[in-house]
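Written out below as structure tokens is the structure these notes cover.
On a predicted model such as this, the values are computed, not experimentally measured, just so you know.
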Amino acid sequence: MRYYTTISALAVLFLFPLLWSGWASLEEPADYLRMASFGEGVGTYATNSVLVSGMTVGGTLVVSALGGYAFARFDFPGKNLLFLATLAILMVPYATILIPLYVLLGYIGLQNSLVGLSLVFVMFQLPFALFMMRNAFEAIPRELEEAALVDGCGTFRAFSRILLHAVRPALVTVGLFAFLASWNDFFAPLILLNDGSSFTLPVAVVSMTQHTFGAIDYGMLQAGVMVMAVPCLILFVILQRHYVRGFMSGALRG
């Protein structure tokens, strides 16, 4: 009984801000209309966020799946050092390297670019993603892969057709984390994007709610918060089973 009481209390605690924001955003439906027509239009900002999140998720999944498989199955010189160097990214303060990254993106022609922003997000997701995928692949019995090789599958075919299916929960977890990080991030787009037509939703929402003398339009702010929150809620509800399995199987190993 105490367990269910505690869980219910925590659920109410976490859901209350979201429910309050939803109720506040519906008090004035005109706030949504004003938000939709701000600047380049909320459709443009939402499209930018979708593109950035899609590229971030895709890039993170590809690199972390291949890298995690390599770290889990192969021995090569400097393996542990390289893995530790990747994890060391977590020890670098996020804000301190955005300006150097902005300069670097300028050298390679990706400054003020959604592609460049996505690459930055992928880089910051790699430590967690590689850790998850390495542990997930290590949890798979080697006999499964060896059986596939005996049946005539090559290494890459066994990886793509068998092992990836076995680590699907970890892939979902990594992809969901990458989506949430890129969809909700405000600071990196603020620094790396300087063209209003390239803004993502978090930057656009902050821009559209600022009025004269620093006053905030809370109606538009709540509407923007709900527009940003709904996709995250839908994805989490749909993928929660795989998300929990991914943490239980891969992230807790080792």
Side-chain angles (χ1 to χ4, degrees), residues 31-67 85-86 88-130 174-217 220-232 235:
D31 292 331
Y32 283 96
L33 297 178
R34 291 190 293 116
M35 180 191 68
S37 60
F38 176 83
E40 302 292 331
V42 71
T44 298
Y45 304 131
T47 300
N48 292 340
S49 289
V50 169
L51 291 174
V52 169
S53 299
M55 288 186 287
T56 301
V57 170
T60 302
L61 288 177
V62 170
V63 176
S64 64
L66 293 173
T86 304
I89 297 175
L90 292 173
M91 294 185 286
V92 180
Y94 178 59
T96 60
I97 60 174
L98 284 179
I99 298 301
L101 285 174
Y102 181 80
V103 175
L104 176 62
L105 291 175
Y107 283 123
I108 61 177
L110 292 177
Q111 204 171 69
N112 192 38
S113 163
L114 298 181
V115 175
L117 178 61
S118 301
L119 291 176
V120 171
F121 283 143
V122 170
M123 181 193 71
F124 282 112
Q125 288 300 305
L126 276 184
F128 168 77
L130 276 176
V174 167
L176 188 58
F177 262 79
F179 173 82
L180 293 176
S182 55
W183 181 267
N184 293 315
D185 194 276
F186 168 76
F187 197 54
L190 178 67
I191 299 298
L192 301 178
L193 301 176
N194 52 41
D195 183 0
S197 62
S198 299
F199 283 170
T200 55
L201 274 174
V203 179
V205 168
V206 171
S207 300
M208 68 179 63
T209 57
Q210 296 293 326
H211 282 187
T212 308
F213 301 115
I216 299 176
D217 187 333
M220 288 181 66
L221 177 62
Q222 298 295 347
V225 167
M226 293 310 299
V227 169
M228 291 173 55
V230 167
C232 299
L235 276 178

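- Here the side chains of Leu101 and Met123 are in contact, with some heavy-atom distance below 4.5 Å.
- Residues passing the side chain to side chain contact (heavy atoms under 4.5 Å, CB included) test with Thr47 are Leu51, sequence neighbours excluded.
- In this structure, Gln111 CD and Leu193 CG are separated by 10.5 Å, a value rounded to the nearest 0.5 Å.
- Screening Thr200, Leu117, Thr56 for a side-chain contact (heavy atoms from CB on, under 4.5 Å) with Ser182, the sole residue that qualifies is Thr56.
- Taking every heavy atom of both residues into account, Thr60 and Ser64 meet most closely at O-OG, 2.5 Å.
- For the residue pair Val206 and Phe186, the shortest heavy atom distance occurs at CG2-CE1, 3.7 Å.
- Of all heavy-atom pairs between Ile89 and Pro127, the closest is CB-CG, 3.7 Å.
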Start with the C-alpha distance between Val120 and Leu192, add both sets of side-chain angles, then the distance that settles side chain to side chain contact (heavy atoms under 4.5 Å, CB included), and finish with yes or no. CA-CA 10 Å; Val120 171; Leu192 301 178; 3.8 Å; yes

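- Between the side chain of Ser49 and the backbone N or O of Leu201 there is at least one donor-acceptor pair closer than 3.5 Å.
- Here the side chains of Leu126 and Val63 are in contact, with some heavy-atom distance below 4.5 Å.
- Remark: Phe121 engages no residue in a ring-ring contact (aromatic ring centres under 6.0 Å, His included) (not counting sequence neighbours).
- With hydrogens and angles ignored, the 3.5 Å screen pairs a side-chain donor or acceptor of Asp185 with a backbone N or O of Ala188.
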Applying side chain to side chain contact (heavy atoms under 4.5 Å, CB included) to Leu105 and Ser113, what does each step give before you reach the verdict? CA-CA 9 Å; Leu105 291 175; Ser113 163; over 6 Å; no

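- Counting only heavy atoms from C-beta outward, the side chains of Val57 and Val174 never approach each other to under 4.5 Å.
- Between the CG atom in Leu104 and the CD1 atom in Ile99 there is a gap of 12.5 Å [rounded to 0.5 Å].
- No side-chain heavy atom of Phe179 sits less than 4.5 Å from a side-chain heavy atom of Asn184.
- No side-chain donor-acceptor contact under 3.5 Å links Asn112 and Tyr102.
- When atom types are taken as modelled, the side chain of Trp183 and the backbone of Val50 share no donor-acceptor pair closer than 3.5 angstrom.
- Here the closest non-hydrogen pair linking Pro202 and Met228 is CG-CE, 3.6 Å.
- Taking both residues in full, the closest heavy atoms of Met55 and Ser118 are given as CE-OG, 3.3 Å, listed atom of the first, atom of the second, then distance.
- Here the closest heavy-atom approach between residue Phe177 and residue Phe128 is recorded as CG-CE2, 3.7 Å.
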